[in-house]
Visitor: 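I have a structure here, written as structure tokens, and I will follow up with some questions on it.
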Amino acid sequence: GSARRCLRLEPAAAREVLGAADTLLFDCDGVLWRGEAAVAGAAAALSRLQARAKRLCYVTNNSSRTRAAYAEKLQRLGFPPAEPRQVFGSAYCAARYLRQALPPGAAAYVLGGAALSDELGAAGIPHLGPGPADLPGPGPADWSRAPLQPNVRAVLVGFDPHFCYAKLCQALRYLQRGPDCLLVGTNRDHRLPLENGAAIPGTGCLVKAVEVAAEREAFIIGKPSRYIFDCVASEFEIDPARTIMVGDRLDTDILMGNNCGLTTLLTLTGVTTLEEVKGHQESDCPSRKSLVPDYYVDSIADLLPALED
Ligand code: PLP
Ligand code: CA
């Protein structure tokens with residue numbers, strides 16, 4: 001196709017682009033809200049889109065909430081009512097992946113929080129915590145002799161604020177059983193931005209630690225992996241040519257959308273500046289060109305004028 005140009009989506013063009021779409025996939029943090037604060041005008045824009053019979057889905061790399069918890073957060077922040085089945089979080093999609101990839105009765109060893117456990121439970125996949133009781137003791141002898149569960153056939157790494165050396169040891173010991181034990185990561189986001197330029201390490205750091213120890217690469221569920229889009233496409237009838245991916249991050253949202261043949265729309269309410277886009281646009285490197293979106297808006301509230309009657 002022709003080169004993507006990151007055009008500002010003015011109301012006239014927005015009317016045309018939205019008119020040609022039947023589905024919009026929204027990244028969450030940085031697009032709809034920042035932390036607990038809704039982006040001004042975002043809820044109104046989504047209500048108008050829903051009133052125009054657009055299908056809205058929510059696609060997030062964050063593995064620390066279930067589908068149901070996202071539906072609840074959308075409602076709490078004033079967004080149009082969403083059903084859990086419209087939400088594609090990396091916790092739900094990871095459980096879906098393991099359900100198809102694991103033999104019946106096989107279990108997952110999980111580095112992650114309650115949302116991952118809940119989604120695995122809902123998918124019928126046996127899994128171990130690990131809570132403090134499942135962890136080896138404090139010394140090197142404990143790390144190499146702690147009990148292992150015989151039926152574990154996957155290590156799943158998600159956002160885990162209680163990640164620690166003992167868990168890394170157990171993960172390696174399971175993965176050393178061989179290629180029959182899968183290594184799956186929910187996403188590779190390396191930093192989670194906070195306000196004022198501050199940041200905390202993202203799940204990508206934890207996935208990397210396990211990959212380095214195990215000397216192999218994880219299968220990744222979240223953006224830019226196309227697996228998360230394939231989940232949406234297998235649960236709804238999706239025509240990529242009539243689907244818009246809206247996101248604030250180039251190396252996840254926009255790259256996935258471009259790779260999957262979607263129209264891509266960048267919003268500047270999150271982590272990306274136009275200067276970064278310009279750098280990619282002016283580069284001769286093909287892999288940087290695929291980080292350039294078709295369009296951008298300052299905020300998805302800018303879509304409102306195009307949605308007035
Ligand atoms: N992972 C975690 C743990 C997060 O807290 C967030 C954002 O808050 C993300 C990933 C990125 O989520 P999204 O794909 O919705 O921007
Ligand atoms: Ca985001």
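Sequential numbering from 1 along the given sequence is applied to the chain's residues. Whatever order the structure lists them in is the order used to number ligands and atoms, beginning at 1.
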Visitor: Is the charged tip of Arg67 near the ring of Phe88: under 6.0 Å from the six-membered ring centre and within 45° of its axis?
Guide: yes
Visitor: Out of the N/O/S atoms in Asp27, what is the name of the one closest to the Ca ion (ligand 2)?
Guide: OD2
Visitor: Output yes when Arg65 and Glu72 qualify as a salt bridge under the 4.0 Å nitrogen-oxygen rule, no when they do not.
Guide: no
Visitor: Of the non-hydrogen atoms in Leu304 and Gly41, which two are nearest, and what is the gap between them?
Guide: CD1-O, 4.0 Å
Visitor: Write out the protein residues near ligand 1, meaning a non-hydrogen atom under 4.0 Å from one of its atoms, in order of chain and number.
Guide: Asp27, Cys28, Asp29, Thr60, Asn61, Asn62, Phe159, Asp189, Leu192, Lys223
Visitor: Please say which of Asp251, Asn259, Asp27 ends up in a side chain to side chain donor-acceptor pair (under 3.5 Å) with Lys223.
Guide: Asp27
Visitor: For the rings on Phe219 and Tyr97, is their centre-to-centre separation under 6.0 Å?
Guide: yes
Visitor: Tell me which donor-acceptor pairs under 3.5 Å the side chains of residues 77-85 have, and how far apart each pair is, sequence neighbours excluded?
Guide:
residue : atom : partner : partner atom : Å
Glu83   : OE1  : Arg85   : NE           : 3.2

Visitor: Which atom, among the N/O/S set of Asp29, is closest to the Ca ion (ligand 2)?
Guide: O
Visitor: Would you check if the Ca ion (ligand 2) lies under 3.0 Å from any N, O or S atom of Asp248?
Guide: yes
Visitor: Check Leu255 against Pro224 and note the closest heavy-atom contact, atom names and distance.
Guide: CD2-CB, 3.7 Å
